[in-house]
Amino acid sequence: MAAQIQYADVEVGTELPAASFPVTRATLVQYAGASGDFNPIHWNEEFAKEVGLPDVIAHGMFTMAEAIRVVTDWVGDPGAVVEYGVRFTRPVVVPNDDLGGLIEVTAKVAAKLDDNRVRVDLTAMSAGQKVLGMSRAVVELA
């Protein structure tokens with residue numbers, strides 16, 4: 001695969017298509033099995049509340065992975081992401097109902113760098129609160 005977005009066609013301020021990612025308890029169980037992270041705060045409501053959380057919460061790395069999908073879908077090649085980092089600011093709460101939680105992600109090109117690279121700043125929200133801070137990716141374009 002190669003990046004499908006041309007460096008010359010991108011300007012600072014270019015907005016990437018926004019996306020929303022639903023998160024259910026079943027999603028968290030599947031992620032726990034794939035990642036090996038079976039911390040009970042991600043699946044046991046009683047335990048999560050006992051340790052001071054409002055409910056079961058999504059894995060931080062799962063939240064981070066869902067957010068970067070906005071960038072990889074836009075560029076057309078996950079391998080084009082050469083750097084990615086976030087700060088975890090708030091958890092994504094996942095109620096035990098038919099809806100679960102929702103991660104809403106927007107992103108825009110914040111800087112054009114050397115070597116056909118751009119810095120993309122992401123905003124990830126859930127329940128009206130920012131769940132990732134300093135969420136930035138460096139992407140190598142065509």
Measuring from atom [atom1] of [X] to atom [atom2] of [Y], what distance do you get when rounded to the nearest 0.5 angstrom?
| X | Y | atom1 | atom2 | value |
| --- | --- | --- | --- | --- |
| Asp121 | Ser135 | CG | OG | 8.0 Å |
| Gln4 | Asp9 | CD | CG | 13.0 Å |
| Phe47 | Asn39 | CZ | CG | 6.5 Å |
| Glu83 | Arg136 | CD | CZ | 11.0 Å |

Test item: [X] and [Y] side chains (from C-beta on) under 4.5 Å apart, heavy atoms:
| X | Y | result |
| --- | --- | --- |
| Thr14 | Lys108 | no |
| Glu140 | Asp115 | no |
| Val70 | Thr106 | no |
| Ile103 | Thr63 | yes |
| Arg25 | Asp55 | yes |

For the residue pair [X] and [Y], what are the closest heavy atoms and their distance?
| X | Y | value |
| --- | --- | --- |
| Arg117 | Val82 | NH1-CG2, 3.7 Å |
| Glu104 | Ser20 | CG-OG, 3.6 Å |
| Gly100 | Val94 | CA-CG1, 4.2 Å |
| Lys130 | Arg90 | O-CB, 3.6 Å |
| Ile5 | Leu141 | O-CB, 3.3 Å |
| Ala58 | Leu28 | CA-CD2, 3.6 Å |

| task | Give the intermediate values and the outcome of side-chain contact (heavy atoms from CB on, under 4.5 Å) for residues Tyr84 and Thr72. | result | CA-CA 11 Å; Tyr84 178 45; Thr72 59; over 6 Å; no
| field | Residues which pass ring-ring contact (aromatic ring centres under 6.0 Å, His included) with Tyr31, listed by chain and number, not counting sequence neighbours | value |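 His59, Phe62.
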Spell out, yes or no, whether [X] and [Y] are grouped together once hydrophobic residues are joined by side-chain heavy atoms under 4.5 Å, including indirect joins.
| X | Y | value |
| --- | --- | --- |
| Val109 | Leu122 | yes |
| Val138 | Trp74 | no |
| Met61 | Leu132 | yes |
| Val139 | Leu113 | no |
| Leu16 | Val81 | yes |

| request: Verify, without hydrogens or angle tests, whether Tyr7 (side chain) and Val118 (backbone) share a donor-acceptor contact under 3.5 angstrom. | output: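 Not at all, since once roles are kept as given, no pair shorter than 3.5 Å links the two residues.
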